[in-house]
Amino acid sequence: MPVSTEDVVNDDERKSNRYHFDRHTPEYRRKFEEITEEMQGRCPVAWSDTYGGHWVASGHREVFDLARSAEYLSNDNDLKGERRGYKGISIPTPERMSTVRGGFLEMDPPEQRYWRQALNPYLSPAAVSRWIPVIDEVTRACLDERIESGRIDFVDDLANIVPAVLTLAMMGIPVKDWTVYNEPVHAAVYTRPNTPEAVRVAQLHQEMGRHLYGQMAEIRANPRPGLVNAVVTTEINGQIADDMELLGILSLIIGGGFDTTTALTARSLEWLSDNPAEREHLSRERDTLLNPATEEFLRFFTPAVGDGRTISADCEIAGTRFKEGERLWLSWAMANRDPSVFPDPNKVDLARKGNRHASFGLGIHRCIGSNVARTVFKRMVVQVLDRMPDYKCDPEGTVHYDTVGVINGMRHLPATFTPGPRLGAGLEETLEKVQQICDEQRLAEPVTVRKAQAKISG
Amino acid sequence: MKVRVDSERCQGHTLCAMIAPEVFRLREIDGHSEVIDEEVPAGQETQVIEAVNSCPERAISTID
Ligand code: SF4
């Protein structure tokens, strides 16, 4: 299509709020608060030339209005060029042309809605609360592994394990295989492309893919309850989607279930170590404080920092004119620091009121696993507060992700504490027991089929 | 005080029921919210207002 002068002039005008925005640099992590303040003050919706050019929304109202304008936004990742060629939710588009789209997070309604309807009964608050005894038992075992030594790495020894084990249990995948999934999922987030490490991570990813594919086949042949079964039996418009699409859905569940909760837990535990008076306060007043504190940690740390979209029709939203096909980054992390909604936004206030943070996204793509994340986080934190009340993180061994372009997480968080007594079996034995309970009590059924909480006998 | 949840807007963030469990009920299947009774029970007004201010989708409204 020829470009007229009028278009060019218009474009300059439309894009007159410019900001060089590169969230994949270490500098962005370091200067996050400064950049946020500057963008919100000067250009809450800005055009950035980075990554082929895209819009960036950082103000809360702007992010809110945009995220909820489903009629003008698309999440579609049109890998085979069958529709409009849109590129899904990652900015930039991943280098390795992916062959799998990111599940229903890279779909639009009505397809996206059908998938969520199929999976909601496994992930609703009522469904998740059935799992609490299992979450507690796995957490207990993780802490028991370390309790006598007085040393723990909260990432490696706790926050990596519990979310992974629970996610697999809910899927109907043997929990003992959590290691096959754990390493590639976490490492993929922080490993830089074109490094020897990246080659190894890619191999681990392939292994995980094979394992997952094997599970799909196994569960198809021999159905057992769980999210995998839901995915392989869901018909959309009378059809079962192809295997690549199904793998994308399962990968989305795994990706969503693992690294995000790990990140939230690690960052919060580190903060509580740095603020021991607040930690004590939280522990003492947990009945009233744990809920708002969890929301506050979600707001402040925003584990999943944002989402990309494609504008699907020319429109004007939040004072900016957008053109069909343009890319847009919705920064949940920056919206969560907007002083017009959150007074004193760069301060953690465990009892914060009116905390309508955007950490699970806003609009129709709201994180479907939010209830799992909240529950797993709370159960882990409470047990740490009870069993290691004086823990102190070791800044020397602490490793944050270099960049926070995708997940605001940590690689290691070592800590020391006054040793205590073990309460039960170690992790391996506990996972065997948990598996048995999952199988016998058919815990991974949807809440429509099974309503009772898991029962764990001593 | 009366309270409503706009089911078109609600996306099931569950904060309302966390803040005012006596006023909002979450549907078992998808965690979306409904009001137990449109009429806010006496003494629950502050919590309801906190729920209004906390709903990320701004799906809750009240009428005095
Ligand atoms: S807080 Fe808002 S979006 Fe969440 S369940 Fe309640 S009404 Fe729905």
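Just so you know, these numbers use all the heavy atoms, side chains as well, and skip hydrogens, waters and symmetry mates.
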From [X] atom [atom1] to [Y] atom [atom2], the distance as rounded to the nearest 0.5 Å:
X         : Y         : atom1 : atom2 : value
Arg352(A) : Ser54(B)  : CZ    : OG    : 11.0 Å
Leu362(A) : His13(B)  : CG    : NE2   : 5.5 Å
Ile19(B)  : Glu295(A) : CD1   : CD    : 8.0 Å
Asn53(B)  : Arg356(A) : CG    : CZ    : 7.5 Å

Can you check whether Gly12(B)'s main-chain N or O pairs, donor with acceptor, with Arg366(A)'s side chain at less than 3.5 Å?
-> yes
Test item: Glu50(B) side-chain N/O and Gly354(A) main-chain N/O as donor-acceptor pair under 3.5 Å | yes
Salt bridge (charged side-chain N to carboxylate O under 4.0 Å, His left out) involving Asp76(A) - partner list, sequence neighbours excluded = Arg83(A), Arg101(A)
Would you mind telling me which of Thr448(A), Leu123(A), Val447(A) has the largest number of heavy-atom pairs within less than 4.5 Å of chain B?
-> Val447(A)
Best-contacting candidate, Ser370(A), Ala358(A), Gly363(A), against chain B by heavy atom pairs under 4.5 angstrom | Gly363(A)
In plain terms, say whether Lys451(A) and Glu28(B) are close enough for a salt bridge, that is, a side-chain N and a carboxylate O under 4.0 Å apart.
-> yes
Identify the heavy atoms of [X] and [Y] that sit nearest to each other, and give their distance.
X         : Y         : result
Arg374(A) : Thr14(B)  : NH1-OG1, 3.3 Å
Met18(B)  : Asn291(A) : CG-ND2, 3.4 Å
Ser124(A) : Ile29(B)  : CB-O, 3.4 Å

Candidate pair Arg58(B) and Phe64(A), rule side chain to side chain contact (heavy atoms under 4.5 Å, CB included), full reasoning | CA-CA 10 Å; Arg58(B) 315 236 78 179; Phe64(A) 179 85; 3.3 Å; yes
